[in-house]
Every structure is written in C-alpha cells, then in structure tokens.
Amino acid sequence: MEQELKKLKDKVIKDISDVKDSKFLADLKTKYLGRKGELTGLLKNVKDLADEEKPRVGKLANEIKNELLQVFSKAEQIIQGKENSILDFDSTLPGKRAELGHLHPSTIVQYEVEEAFKQMGFNVYDGPQVESEYYNFTDLNTPDDHPYRYSQDTFWLEGGFLLRSQTSNLQVRMLEKYGAPFRGIFPGRVFRNEATDASHEHTFYQLEGLMVDKDINIGNLIATMRALLSAVFNKEVEVRLRPGFFPFVEPGFEMDIRCLICDGSGCSVCKQSGWLELMPCGMVHPKVLSAGGIDPNKYSGFAFGLGLTRLVMMKYKIDDIRLLESGDLRFLRQF
Ligand code: FA5
C-alpha cells in the first residue's frame with residue numbers, strides 16, 4: 001500500500017505538470033482527491049490494514065494528501081495568473097469589444113476655439129506651466145509689491161518659480177522669440193490658490209490671445225472676440241464690455257457673457273448676477289512691448305485671457321466647474 005500511495009503521488013504530479021487550463025485542473029483534483037477520488041479510495045482502505053501497519057501507512061497517506069493539496073493550490077495560482085496574463089494572448093480567439101474613449105469637453109471646446117483663430121491667421125503655441133516669477137508677473141508690469149499679485153495667489157516653488165497663474169506668462173516669451181508682427185493664441189492649464197466653489201477651481205484652463213502689429217486698435221480686439229464667440233456658440237450671445245484693471249493692458253476691459261445656465265435670471269454659477277466674467281482683455285501695455293523687445297512707438301497690440309473652462313461650462317450648461325477635473329466617468333461619458 002505504501003508503494004501504491006507513492007506511485008499515485010508521482011502520477012498526480014506528472015498529470016498536473018501537463019495541465020493547460022483551470023477547468024482541466026479542477027477535473028484532475030476531483031479525479032484524485034474528490035469524494036470518489038483515487039487517493040480518497042486508498043485512504044479508506046487504511047482501516048483494513050493490520051494494526052501494526054495502520055499508524056505508519058495512515059500517516060504517510062495523510063502526508064501525501066496534504067502535499068498534493070498544496071501542489072494543486074500552487075498549480076491553480078499559476079494557471080489563473082497565466083489565464084489573466086496578456087502574455088497568454090491567443091490571436092485566434094474572436095476579439096472582445098473595447099470601450100472607446102473620447103475627447104474631454106475642455107479639449108473639444110479648445111479645438112473649436114483654435115480652429116476659429118487659425119482661420120483668422122493666428123498660430124497656436126504652448127509654454128511652461130512651471131514658470132518663473134519674472135514671466136508670470138514682473139515683465140507684465142507687475143513688480144514685487146503690486147496688489148495684482150494677491151488676486152492671483154498661486155502655488156509657489158523654490159527659487160522664484162511658481163505654477164503659472166495665467167497664460168499671460170507667454171506674452172513676453174512669445175514677443176522675445178518671434179518679435180513683431182505677431183498673431184498667436186496659447187491655450188493651457190493654469191493654477192490658483194483658490195477656495196473652490198461652483199465657478200472657481202484651483203486648476204483650470206485659459207486661452208490667451210496676443211496680436212501685435214502696426215495700427216492695432218480696440219475695434220480689432222472687439223471684432224476678434226465676437227468672431228470667437230459666434231464660432232463657439234453658433235449663435236449670437238449677449239456680451240457686455242466694462243472697464244477692467246490688469247497691469248499689463250491699457251486700457252483694460254472685462255468681457256462678460258450673459259449666463260447661459262440660468263439665461264440671466266441668477267444662479268450659483270453667476271453668483272445671482274446673470275453675468276459671468278469670461279474674457280478680460282485690453283490693449284498691450286507699452287512696458288510689456290518693451291519687455292518683449294518691441295518698440296511701442298512703432299507697434300501696438302491687443303491681448304485677451306479667455307476663461308476656457310468657464311466657456312466650456314456655458315457651452316454645455318455645466319453648473320459646477322469641479323465636475324470637469326473630477327475624473328468622474330459618469331460625468332465624462334455624457335460628451
Ligand atoms: C487673467 O488671468 C489675465 N491674465 C487675463 C488677461 C489676459 C487680461 C490678457 C488682459 C489681457 P483673470 O484672473 O480675471 O485674468 O482670469 C481670466 C479668466 O479666467 C476669468 O475671466 C475667468 O473666466 C477665468 N478664471 C479665473 N479664475 C478662475 C478660477 N479659479 N476657476 C475657473 N476659471 C477662472
């Protein structure tokens with residue numbers, strides 16, 4: 001009987017080494033260790049042995065059973081791992097349908113705006129999100145102690161660096177690099193140290209525009225803003241222009257849009273005012289042109305800083321800005 005047990009053990013181990021899938025392995029386990037299995041049968045026979053043999057053979061039989069249980073458990077782990085592994089990819093099996101992703105709503109609107117500006121002869125540029133204090137503030141006529149810095153508190157890094165609080169950081173960079181005449185937009189992510197609410201995020205998107213050439217005036221600025229809005233909304237939207245202060249433009253304006261979430265009747269997004277600040281803009285300050293190496297006596301220009309994330313909210317009637325960066329697929333799948 002001892003011989004029989006050892007032979008059976010070797011046979012089981014050999015069979016296990018040939019197993020290719022978990023179904024086959026489960027069948028094998030039943031065959032040997034199941035209620036009517038071969039090893040179970042042998043174990044039952046132990047009671048018929050002579051008294052002096054019973055303890056020794058019984059002990060051996062139990063040891064073999066435990067050993068085989070461990071071998072089966074190990075084999076199950078390996079086979080399951082293989083079945084889950086892409087290395088075991090069988091190219092002859094029919095394919096599984098994968099769920100296709102799509103563009104984020106902010107990217108959809110960004111591309112639409114880019115298209116509208118490309119048609120007006122603007123190029124699209126990108127730039128650093130980790131920025132120096134100089135390009136984010138100082139060269140924009142916003143020295144160290146200027147109160148404007150406090151309205152744009154951001155995340156400060158070591159060595160005079162910060163996470164840019166505005167895409168305006170690219171104004172002087174672009175003028176330095178390309179000179180005048182210049183016509184470009186710079187969409188991108190910006191950061192603010194903000195208490196968040198329905199219309200304020202700490203991380204959001206702006207789209208800056210800059211045009212510098214001879215004889216550029218406010219009329220050019222307003223016409224460009226209008227062209228942009230009708231391209232995005234495919235209809236006339238109500239806007240208003242009011243004076244606004246930004247150290248790097250003179251004169252400066254705020255362009256507000258009639259809130260499309262509540263049609264102007266007042267809601268948490270527009271803070272019950274019916275209007276939403278969308279696009280500050282103005283004529284480029286001579287000091288900024290000079291910082292970029294452009295002669296303000298020869299050239300003039302306009303700049304604007306569209307709140308791209310707010311535009312997305314208006315376009316899709318999203319009543320809480322925090323949904324956009326939440327990564328919540330239930331929200332994102334709707335676009
Ligand atoms: C600026 O950032 C200026 N750089 C804009 C500018 C550019 C003015 C060029 C003149 C010339 P402001 O801080 O207002 O300005 O932000 C611009 C727009 O970004 C706002 O109108 C708003 O639409 C959006 N915005 C501002 N803060 C937030 C926020 N916390 N969350 C979401 N959108 C915001």
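Side chains included, hydrogens not; waters and symmetry mates left out as well; all remaining heavy atoms used. Residue numbers start at 1 and run along the sequence shown. Counting convention: from 1, in listed order, for ligands and their atoms alike.
Ring to ring, Tyr148 and Phe245 are not that close: their centroids are 6.0 angstrom or more apart. The distance between the ring centers of Tyr125 and Phe117 does not fall below 6.0 angstrom.
At least one heavy atom of Ser199 lies less than 4.0 angstrom from ligand 1. The shortest heavy-atom distance from Tyr148 to ligand 1 is under 4.0 Å. Under a 4.0 Å heavy-atom criterion, Gln171 is in contact with ligand 1.
Of all protein heavy atoms, the one closest to atom 10 (C) of ligand 1 is Phe248 CE1, 3.7 Å. Protein heavy atom in closest approach to atom 24 (C) of ligand 1: Gly307 CA, 3.8 Å. In terms of protein heavy atoms, atom 16 (O) of ligand 1 is closest to Gln206 NE2, 3.3 Å. Protein heavy atom in closest approach to atom 22 (C) of ligand 1: Arg310 NH1, 3.3 Å. When hydrogens are left out, the protein atom nearest atom 28 (C) of ligand 1 is Phe204 CZ, 3.3 Å; that is the closest non-hydrogen contact. Scanning all protein heavy atoms for the shortest distance to atom 32 (C) of ligand 1 gives Ile321 CD1, 3.4 Å. Among protein heavy atoms, the minimum distance from atom 15 (O) of ligand 1 is reached at Phe246 CE2, 3.4 Å. In terms of protein heavy-atom proximity, atom 31 (N) of ligand 1 is closest to Glu201 N, 3.0 Å.
For ligand 1, the polar-atom distance check finds an N/O of Glu277 within less than 3.5 Å of one of the ligand's N/O atoms. Residue Arg192 places at least one N or O, backbone or side chain, under 3.5 Å from an N or O of ligand 1. Close N/O approach between Glu208 and ligand 1 is not found [any backbone or side-chain N/O within under 3.5 Å]. In terms of N/O distances under 3.5 Å, ligand 1 is not approached by His200.
Close approach of ligand 1 to Gln166 is summarised as follows: ligand atoms under 4.0 Å from at least one heavy atom of the residue are 1 (C), 2 (O), 3 (C), 4 (N).
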Item checked: From CA spacing to verdict: salt bridge (charged side-chain N to carboxylate O under 4.0 Å, His left out), Asp144, Arg149 -> CA-CA 8 Å; Asp144 240 1; Arg149 288 197 179 203; 3.4 Å; yes
Notebook entry, point to check: How far apart are the C-alpha atoms of Glu201 and Thr196, what are their side-chain angles, what is the distance that settles it, and do they pass the side-chain hydrogen bond (donor to acceptor under 3.5 Å, both in side chains) test?
Noted result: CA-CA 5 Å; Glu201 253 295 13; Thr196 60; 5.4 Å; no
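Here Arg258 pairs with Glu238 in a salt bridge; the nearest charged N to carboxylate O distance falls below 4.0 Å. Checked for salt-bridge contact, Lys23 and Asp27 meet the test: a charged N lies under 4.0 Å from a carboxylate O. Using a 4.0 Å cut-off between charged nitrogen and carboxylate oxygen, Glu131 and Arg173 count as a salt-bridge pair. Ion pairing of Arg242 with Asp256 is present here, as a side-chain N (NZ or NE/NH1/NH2) and a carboxylate O approach within less than 4.0 Å.
None of Val212, Leu210, Val249, Ile216 except one satisfies the side chain to side chain contact (heavy atoms under 4.5 Å, CB included) rule with Phe302; the exception is Ile216.
Residue contacts with ligand 1, taken as heavy atom pairs separated by less than 4.0 Å, involve Phe304 solely via the backbone atoms N, CA, C and O. Contacts of Phe302 with ligand 1, taken as heavy-atom pairs under 4.0 Å, are absent altogether.
Summarising the local packing, NZ of Lys315 is surrounded by more than 12 heavy atoms from other residues, nucleotides or ligands at distances under 6.0 Å.
A cation-pi geometry, defined here as NZ or CZ lying under 6.0 Å from the six-membered ring centre and within 45° of its normal, holds between Lys214 and Tyr299.
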